[in-house]
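These figures come from a predicted structure and were not determined experimentally. Numbering starts at 1 and runs along the sequence shown.
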Amino acid sequence: MCIRDRVLADPAVEFVIVAGRPDDLAALLRRALQSERHVLCVYPPGPTPDIAYEADMIRQDSGRVLLPLLPGALHPAVRRLAEFVRRPGKEGAASPVGAFRLVEMQPAAPAGVDGKAAFPGWDMLRALGGEIAEVSALADGETAQPGEAVLASGRFTAGGLFQAMYLPGGDAELRLAVIGDRGRAELVFPAGPHGPAFLDWRDELGELREEAWDAWDPWPALAARFEAATAGAAGSPSWLDAVRGLELDDAARRGVERRRSSVLDYQEASEEVGFKGTMTLVGCGLLWALLLLLAASYWMPALRWVIVGLLVLFLGMQLLRYLIPRQKGGKE
């Protein structure tokens, strides 16, 4: 028995951190979840959203906590900048930049996961503007390549736009800006997302205002969010951050390849969604089978009864979702 299996077999182990080579990460995550332990997983867990969907379904069955190691949105400077976002027509505290219009982000160039471009910063964009409804992206070539320049833009579901410039050689500095109808507030991390941070904006009188934060250790914040999730605290961060990040990566890559916007159709990663996908595949296969049987029935009339039987079987499978009670419980 390897060290990993001995650790997962130890009843005293309550949670594990999943990390490893990108090629092995999906299998490691699956094994950790099946052992019914609370799991912290490095991000991204894979190049496509499929592994995130599968992990979430396993998590729902086990009832354990699953969180990605995504600390960016937890930074106190990012949370402070989020306070500047005020939607037009919404009541609440006034923002020094006015009604929210645009978020600008300048992070590092896309990383590489199994040869696919992975775009950093989606968690911070979502922390500022909410869920993203549409993404378009442009690159110098026909596909988005790791380490190359990519320009991404889109709109938030609740209103407002974003623009992200992924630039080669920009691994150190990170910039975020919230732009409203009266001005802008800009947050700069000169030494990267864990280094010192500086926020500046102008007040209603045009006076320059500044705030600063020292270098930041993300582990206390990650530990606090993990403890909140295991305690069942409402509104605690969730695996949804990883799911959305991988979906947005996929949408940005499609935008580069197809030269058009990708609209995000968010669905809960659940057994119901899996059932719908399976039924779609079965329905397509059944349609082709019925066409073949219908043609063959010209020479063998008895095959018409087989066609009727297949139709009744497929309709019966559709009824399963109504006959089997749906599991209760929210997402983590």
Side-chain angles (χ1 to χ4, degrees), residues 17-33 39-59 66-73 105-126 131-154 162-172 174 192-193 238-267 269 273-274 277:
I17 297 176
V18 174
R21 297 183 303 176
D23 294 344
D24 301 331
L25 198 57
L28 291 173
L29 177 57
R30 189 180 300 113
R31 177 71 181 89
L33 289 168
V39 176
L40 285 168
C41 181
V42 299
Y43 179 86
T48 66
D50 294 339
I51 180 59
Y53 295 149
E54 179 187 2
D56 194 49
M57 286 189 284
I58 299 174
R59 177 203 62 78
L66 170 61
L67 293 179
L69 291 172
L70 272 172
M105 181 174 70
Q106 185 177 318
V113 180
D114 283 354
K116 294 181 179 290
F119 300 87
W122 294 123
D123 57 327
M124 290 184 285
L125 278 177
R126 291 176 61 243
E131 292 293 1
I132 295 172
E134 186 175 355
V135 175
S136 62
L138 291 172
D140 190 41
E142 296 297 323
T143 60
Q145 295 295 327
E148 297 296 328
V150 176
L151 175 63
S153 60
F162 75 86
Q163 178 176 281
M165 295 179 287
Y166 298 90
L167 303 177
D171 294 344
L174 167 66
S238 70
W239 184 245
L240 183 64
D241 296 332
V243 173
R244 290 292 183 260
L246 291 174
E247 288 175 336
L248 290 164
D249 279 352
D250 199 41
R253 291 192 296 262
R254 289 199 310 270
V256 172
E257 294 168 3
R258 300 176 184 179
R259 291 294 192 267
R260 60 183 175 86
S261 298
S262 296
V263 178
L264 279 297
D265 181 18
Y266 294 127
Q267 298 186 56
V273 173

[X] side, atom [atom1]; [Y] side, atom [atom2] - distance, nearest 0.5 Å:
| X | Y | atom1 | atom2 | value |
| --- | --- | --- | --- | --- |
| L70 | M124 | CG | CE | 9.5 Å |
| R244 | L246 | CZ | CG | 11.0 Å |
| L248 | S262 | CG | OG | 10.0 Å |
| F119 | D249 | CZ | CG | 6.5 Å |
| L138 | S153 | CG | OG | 7.0 Å |
| I58 | R30 | CD1 | CZ | 6.5 Å |

Worksheet entry | Electrostatic pair R254-E257, nearest N-O below 4.0 angstrom |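 No, this pair does not count.
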
Discussion item. For D123, is there an ion pair with R126 - N to carboxylate O distance below 4.0 angstrom?
Written reply: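 No salt bridge links R126 with D123.
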
Heavy atoms only: give me the nearest [X]-[Y] pair and the separation to one decimal.
| X | Y | value |
| --- | --- | --- |
| D241 | P68 | CB-CG, 4.2 Å |
| V256 | A139 | CG1-CB, 3.8 Å |
| E148 | P168 | C-CG, 4.0 Å |
| P120 | M105 | O-CE, 3.8 Å |
| W239 | L67 | CE3-C, 3.9 Å |
| V42 | A19 | CG1-CB, 3.6 Å |

Worksheet entry | Sequence-distant partners of D140, side chain to side chain contact (heavy atoms under 4.5 Å, CB included), two or more places apart |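 For D140 there are no side chain to side chain contact (heavy atoms under 4.5 Å, CB included) partners, ignoring immediate neighbours.
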
Heavy-atom side-chain proximity of [X] to [Y] below 4.5 angstrom:
| X | Y | result |
| --- | --- | --- |
| L264 | E131 | no |
| Q145 | V150 | no |
| L151 | Q163 | yes |
| R59 | V39 | no |

Worksheet item: Is there a donor-acceptor pair under 3.5 Å between the side chain of R253 and the backbone N or O of A117?
Response: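 Such a contact is found between R253 side chain and A117 backbone.
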
Worksheet item: Looking at residues at least two apart in the chain, or sitting in another chain, which of them share a ring-ring contact (aromatic ring centres under 6.0 Å, His included) with F162?
Response: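 Partners of F162 under the ring-ring contact (aromatic ring centres under 6.0 Å, His included) test: F156.
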
Item to complete: State, without any angle test, whether S136 and E134 hold a side-chain donor-acceptor pair at a distance under 3.5 Å.
Response: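 Their side chains do not contain a donor-acceptor pair, so the 3.5 Å distance test is not met.
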
Discussion item. Please identify which of these residues, L29, V243, V18, meets the side chain to side chain contact (heavy atoms under 4.5 Å, CB included) condition with P45.
Written reply: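 With P45 as partner, L29, V243, V18 yield a single side chain to side chain contact (heavy atoms under 4.5 Å, CB included), made by L29.
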
Worksheet item: Does the side-chain contact (heavy atoms from CB on, under 4.5 Å) test come out yes or no for I17 and L69, once each step is laid out?
Response: CA-CA 9 Å; I17 297 176; L69 291 172; 4.2 Å; yes

